[in-house]
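As a basis for the values below, the full set of heavy atoms in this structure was taken, side chains included, without hydrogen atoms, waters or symmetry mates.
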Amino acid sequence: MPPATPELISPRSPRVAAARRLAKRNFRGKERLFLAEGPQAVREAAGHRGGDGATLVELFATLEAAERYADIVGEARDAGARVHLASEQVIADISTTVTPQGLVGVCRFLDTPFEEVLAARPRLVALLANVRDPGNAGTVLRCADAAGAEAVVLTDASVDVYNPKAVRASVGSLFHLPVAVGVPVEQAVEGLRAAGVRVLAADGAGDRDLDDELDKGTMGGPTAWVFGNEAWGLPEETRALTDAVVRVPIHGKAESLNLATAAAVCLYASARAQRAAGGCRSVTGN
């Protein structure tokens, strides 16, 4: 494949330096740009369009990766992204992974205003309150996408969803569903409830059992699940805001479930109950 621009050999190239800075949150926020690494994320970015136009604005690729993933590079060009062939040293300098896959994209922020999330009348939402680990945030986003949720909301005390680790952990799901960021937890709960959504806190010490709620048929309506911090869960003041505090039952000897696993169980429980109550909620249908 002929190069779209001269090979970027030096890590001191201004384009490389600008991309490298996006590994830091303050630069991401200033530029409203973030990095998407690897073929899956870059492919999803190339096919995504937001309010500001195409999401993928720039792509760095080694010659080997450009040949192996020629279709992705073609999609990037078709989306209007600037494509640069780069040395492996340059890709390693931009990448935040130990073993880069040869493709690094620069993308526009794509978060959705919380008001637009509410206006869409969502039936299933994941609300991340004080979630600090980017890997967990990205994995919950992936679980929400797989369960057919219409949105993910991150409170103002949660991790940056554009953290490279969060983007990788979402495995492309960041580009699939609306994500609202920086919403105070009180505003998030009040807004969802006003939109007709039942707000449930997921907590191991909850006074209601998820299995019992399913058996009683209370899970079929629009639902938002609130997931808390990995280490200390949800504070009492946040639990008090919600309509109910629900625990995932532990039938074996495990002490607890980690955040992402508990989120998957809760979201799929709601998705199944909603299918039974209101018809199929397939991922392709969303």
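Using a 4.5 Å cut-off on side-chain heavy atoms (C-beta onward), Leu118 and Leu192 make contact. Counting only heavy atoms from C-beta outward, the side chains of Trp225 and Leu200 approach each other to under 4.5 Å. Pro164 has its side chain within reach of Arg28: a pair of non-hydrogen atoms, C-beta onward, lies under 4.5 Å apart. Between Val153 and Leu128, every side-chain heavy-atom pair lies at or beyond the 4.5 Å cut-off. No side-chain heavy atom of Thr155 sits less than 4.5 Å from a side-chain heavy atom of Pro184. Using a 4.5 Å heavy-atom threshold, the side chains of Glu150 and Val125 count as separate. Side-chain contact between Leu154 and Val183: absent, with no pair of heavy atoms (C-beta onward) separated by less than 4.5 Å. Here the side chains of Met219 and Arg272 are not in contact, with every heavy-atom distance at 4.5 Å or above.
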| query | Does the pair Arg239 and Asp203 meet the rule for a salt bridge (Lys or Arg N to Asp or Glu O under 4.0 Å), with working shown? | reply | CA-CA 9 Å; Arg239 295 196 298 269; Asp203 193 288; 3.7 Å; yes
| Can you list the steps and then say if Leu22 with Tyr162 is a side chain to side chain contact (heavy atoms under 4.5 Å, CB included)? | CA-CA 10 Å; Leu22 298 177; Tyr162 300 114; over 6 Å; no
| field | From CA spacing to verdict: salt bridge (Lys or Arg N to Asp or Glu O under 4.0 Å), Arg247, Asp207 | value | CA-CA 7 Å; Arg247 67 182 182 275; Asp207 56 358; over 6 Å; no
| said: Applying side chain to side chain contact (heavy atoms under 4.5 Å, CB included) to Leu35 and Val106, what does each step give before you reach the verdict? | reply: CA-CA 5 Å; Leu35 298 176; Val106 176; 4.0 Å; yes
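Listed by first and then second residue, the salt bridge (Lys or Arg N to Asp or Glu O under 4.0 Å) pairs that reach into residues 213-235 are Arg198-Glu213, Arg208-Glu213, Glu213-Lys216, sequence neighbours excluded.
Of the N and O atoms on the side chains of Asn136 and Thr139, not one donor lies less than 3.5 Å from an acceptor on the other residue. When only modelled atom types and interatomic distance are considered, Ser95 and Glu37 share a side-chain donor-acceptor pair under 3.5 Å.
In this structure, Glu237 has no salt bridge (Lys or Arg N to Asp or Glu O under 4.0 Å) partners at least two apart in sequence or on a different chain. Residues satisfying the salt bridge (Lys or Arg N to Asp or Glu O under 4.0 Å) test with Glu115, not counting sequence neighbours, are none.
Annotation: the span from Leu234 atom CG to Asn130 atom CG amounts to 8.0 Å, rounded to 0.5 Å. To the nearest 0.5 Å, atom CZ of residue Phe60 and atom CG of residue Asp93 are 10.5 Å apart.
Note: Phe109 and Phe34 have tilted aromatic rings, judged against thresholds of 30 and 60 degrees for the angle between ring planes.
Residue Glu64 places its CD atom among 12 or fewer non-hydrogen atoms of other residues, nucleotides or ligands, all under 6.0 Å distant.
Cluster membership check: Leu257 does not share its hydrophobic cluster with Leu127, using side-chain heavy-atom separations under 4.5 Å among Ile, Leu, Val, Met, Phe, Trp and Tyr.
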